[in-house]
Participant: 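The structure follows.
On a predicted model such as this, the values are computed, not experimentally measured, just so you know. Below, chains carry the letters A, B, ... as their sequence lines are ordered, and counting in each starts from 1.
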Amino acid sequence: MPPRTPEAQAFFHAVYAAVQEIPEGKVTTYGHIAKLIGTPQRPRQVGTALKHLPADTSLRYHHDNVPWQRVINGKGIISPRSQPEGARNQAASLQAEGVVVTTGALGELMVDFAEFGWFPRLLPSDEEAGVVPDDSNDDEESG
DNA sequence: AGGGTGACGGAGT
DNA sequence: AACTCCGCCACCC
């Protein structure tokens, strides 16, 4: 079942399309997807969209063509759901494509952003604002 | 039709 | 650095 309103449906589709751009073997965050699609204040709804990703392969976006497993939270942890199995399943999917998942002391399933993170520096909002990439960066994402 | 929940993240304490 | 609050809004009672 698709979402009720056309706006919500468009948002869901934007999320799915953005998630499809995450390269195999890489991960990004809910918040980053939200930024990429121009709604930086809606990371939570990105999670909602992925939660309701259809299994029906006859639809445009579904479980098999949207790499939902490549989206984790900003702390580098595979978000625990009401069902712990969901996170375990996500970890297995990531490991199957070469992502190293480590288990913390409390059972958190973690991924190292320094090695597996995908965070394109040029966002759609940057293009609209005419921002150009700057090579005199002050960040240090690599490790 | 109204209120609670939650695959998040940022600000404040 | 850990914890609480709060904005966000689609889904599910």
Participant: The side chain of Gln45(A) is closest to which nucleotide in this list: dC8(C), dG9(B), dC11(C)?
Facilitator: dC8(C)
Participant: Tell me whether Val100(A) is reachable from Ile72(A) by hopping between hydrophobic residues (I, L, V, M, F, W, Y) whose side-chain heavy atoms are closer than 4.5 Å.
Facilitator: yes
Participant: What nucleic acid atoms does Thr39(A) come within less than 4.0 Å of, heavy atoms only: base, sugar-phosphate, or nothing?
Facilitator: nothing
Participant: Whole-Å distance between dA10(C) P and Leu53(A) CG?
Facilitator: 17 Å
Participant: Please report, rounded to the nearest Å, how far the P atom of dC8(B) is from the CZ atom of Phe11(A).
Facilitator: 13 Å
Participant: Quick check on DNA chain B: between Thr48(A) and Pro40(A), whose nearest nucleotide comes earlier from the 5' end?
Facilitator: Thr48(A)
Participant: Does Arg44(A) get its side chain close enough to the base of dG7(C), under 3.5 Å, for a donor-acceptor pair?
Facilitator: yes
Participant: What is the distance from CD1 of Ile33(A) to C1' of dC8(B), rounded to the nearest Å?
Facilitator: 13 Å
Participant: Using the side-chain heavy atoms of Asn73(A), tell me which of these nucleotides is nearest: dC8(C), dC12(C), dG9(B).
Facilitator: dG9(B)
Participant: What is the distance from CD of Gln83(A) to C1' of dT5(B), rounded to the nearest Å?
Facilitator: 16 Å
Participant: dA10(C) P sits how many Å from Ile37(A) CD1, rounded?
Facilitator: 12 Å
Participant: Quick one: which of dC8(B), dA10(C), dC12(C) gets closest to the side chain of His52(A)?
Facilitator: dC12(C)
Participant: Does the pair Glu108(A)/Lys75(A) count as a salt bridge with the N-to-O cut at 4.0 Å?
Facilitator: no
Participant: Roughly, in whole Å, what's the span from CD in Gln41(A) to C1' in dG10(B)?
Facilitator: 12 Å
Participant: Do Glu24(A) side-chain atoms and Gly98(A) backbone N/O form a donor-acceptor pair below 3.5 Å?
Facilitator: no
Participant: Output the distance between atom CG (Asn73(A)) and atom OG1 (Thr28(A)), rounded to the nearest 0.5 Å.
Facilitator: 11.5 Å
Participant: In whole angstrom, what separates Gln9(A)'s CD from dC11(C)'s C1'?
Facilitator: 15 Å
Participant: For residues 109-118 of chain A, run the donor-acceptor check on the side chains, cut-off 3.5 Å, and write out each pair with its distance to 0.1 Å, sequence neighbours left out.
Facilitator:
from, atom 1, to, atom 2, distance (Å)
Asp112(A), OD1, Ala114(A), N, 3.0

Participant: Figure out the OH/P separation between Tyr30(A) and dG6(B), and round it to whole Å.
Facilitator: 15 Å
Participant: Does Ser79(A) put a side-chain nitrogen or oxygen below 4.0 Å from OP1 or OP2 of dC8(B)?
Facilitator: yes
